[in-house]
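Throughout, a chain's letter reflects where its sequence line sits, starting with A, and its residues are numbered from 1.
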Protein chains: 2
Amino acid sequence: MTVTEEPKPRRLTPKGRATRDRIVEAATELIARNGVAGTGIEDVRAAAGVSGSQLYHYFDSKQALIRAVITRQADSVLQPGEPRVTALDSFEALRAWADAAIERQVETGCRGDCNLGSLAGELSVRDEESRSDIANGFLRWKDLVLDGLRAMRDRGELRADADLEELALSLLSALQGGVLLSQTMLQVRPLEASMNAALAYIHSFAVDAVG
Amino acid sequence: MTVTEEPKPRRLTPKGRATRDRIVEAATELIARNGVAGTGIEDVRAAAGVSGSQLYHYFDSKQALIRAVITRQADSVLQPGEPRVTALDSFEALRAWADAAIERQVETGCRGDCNLGSLAGELSVRDEESRSDIANGFLRWKDLVLDGLRAMRDRGELRADADLEELALSLLSALQGGVLLSQTMLQVRPLEASMNAALAYIHSFAVDAVG
DNA sequence: CTGAGACTGGGTTGCGCAATCCAGAATTCG
DNA sequence: CGAATTCTGGATTGCGCAACCCAGTCTCAG
């Protein structure tokens, strides 16, 4: 929780916490559908069923709300899909994770996805604090993938000379790039292709890859 | 030029063409630095050295200007880098193309890139016409990569069973995802990793790959 | 119990922005 | 040549938006 935005009130009651959460969730859904720029405070207010004052009671500004959304999404650690995979420490788990991400796009018709990549695309160039939050989120995701890959290498499933950082980064990049293209082209093929490539790259470092 | 926005005046003189181009270029640079949402009409006006009326003389709206920027960028077919590579029909050319994209990020410190991917991230969810323009641009890029891969297969360098569409899509996705992560994390490693993975995937279908 | 703080609601403010208005100069074409 | 069109400039408009204001209710802690 190192990127957690401090709640605005000094003390947050369960009731206040619930209201705050409701606001963040409403914002997340609206941003998924309309983007950050296309989501106004009034939209969030209406969707969360609160007044304008409540919004500013819990968040200093629209930016603070956006950052709460970023935090929420970064904390959806295995966000690409349901069901939640506990660790990415086998080829099967990696493949399942990729398939879940693909399935998610299929279900939504490649529309409306509020993930770190789409937030980065909208915010990085003009909001340094949000960019930093998103970057931290990506780092945490990378570390999670890294942990899994490290476990695989320690079990002798990946070659000792594999650059695990590179593998993790290529997987994350493939995911974000695949989602971006799939959402733009309104078809799931780019994500399928990019995940196939990234997984194949990881597989090329499997100990029995030559077999 | 199938996605070309019709110029607003019925006839465009060389002088008018120059002014219009100057506006589009100014907009492109500003968008690279500040994003679409962070670039206002007044910013473009000042940077291009024209009046507000001139902007609306040449473009019906801000959206029309953005679409002209999209067209311009999609037409920068081998936009990822300089020098302009004439065709992506060999492993060497693909590697050079990837290296050029990486070099471009190195030169800019992973900041400020107005490519189809970043435009897609900002616009796709809330501007259907822009999304369509960008998607068409991606399709054209994919076709260009496809042409190169097809030539390689016809020359016997890629196996007949290679799914060239998948290879082209994985390469484009890796490029966009790599740029996105590199720009967010302000380091070039993600792009290096993603391009390595995509090129390795293509290479895994090389006819002499088993050697 | 009471004062302070958290929570809530609805209305208002002011500014930034895209777009328009008004007018004139430059160029083209019949 | 003159009418029509293109190009140009600067000021103004009006609306959408984020943020604030004012007031009241609820809850907690000393």
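- Taking atom CG of A/L12 as the reference point, atom P of D/dT27 lies 15 Å away to the nearest angstrom.
- Contact annotation: A/T13 reaches the phosphate of C/dC7 (side-chain N/O to OP1 or OP2, under 4.0 Å).
- Rounded to whole Å, atom P of C/dA19 lies 10 Å from atom CD1 of B/I66.
- The distance from atom NZ of A/K15 to atom C1' of C/dG5 is 15 Å, rounded to the nearest whole Å.
- Side-chain nitrogen and oxygen atoms of A/K62 include at least one within less than 4.0 Å of the OP1 or OP2 phosphate oxygen of D/dA18.
- A salt bridge links A/E129 with A/R67; the closest basic N to acidic carboxylate O contact falls under 4.0 Å.
- In this structure, CG of B/L65 is placed 10 Å from P of C/dA19, rounded to the nearest angstrom.
- When distances are taken from the side chain of B/Y56 to each of C/dT28, C/dT20, D/dC20, the shortest belongs to C/dT20.
- One can place CD1 of A/I41 at 20 Å from P of C/dG14, the figure rounded to the nearest angstrom.
- Partner of A/I31 under the side-chain contact (heavy atoms from CB on, under 4.5 Å) criterion, chosen from A/D113, A/L65, A/V69: A/V69.
- Between A/Q63 atom CD and D/dA18 atom P there is a gap of 13 Å when expressed in whole angstrom units.
- Between B/P14 and B/S61, it is B/S61 whose nearest contact on DNA chain C lies nearer the 5' terminus.
- The nearest whole Å value for the distance from the CZ atom in B/R45 to the C1' atom in D/dA11 is 12 Å.
- Of the side-chain N and O atoms in A/T19, one or more sit less than 4.0 angstrom from OP1 or OP2 of C/dT8.
- Of the side-chain N and O atoms in A/H57, one or more sit less than 4.0 angstrom from OP1 or OP2 of C/dC7.
- Candidate nucleotides C/dA6, D/dA19, D/dT8 were compared by shortest atom distance to the side chain of B/S51, and D/dT8 ranks first.
- For C/dT8, one of the phosphate oxygens OP1 or OP2 lies less than 4.0 angstrom from a side-chain nitrogen or oxygen of A/Y58.
- In this structure, CZ of A/R20 is placed 11 Å from P of C/dC7, rounded to the nearest angstrom.
- Comparing A/D43 and A/G52, the nucleotide of DNA chain D nearest to each residue sits closer to the 5' end for A/D43.
- Under a 4.0 Å N-O distance rule, the pair A/R104/A/E107 does not qualify as a salt bridge.
- Between B/D99 and B/R95 a salt bridge is recorded (basic side-chain N to carboxylate O distance below 4.0 Å).
- A salt bridge links B/D147 with B/R150: the distance from a Lys NZ or Arg NE/NH1/NH2 to an Asp or Glu carboxylate oxygen falls below 4.0 Å.
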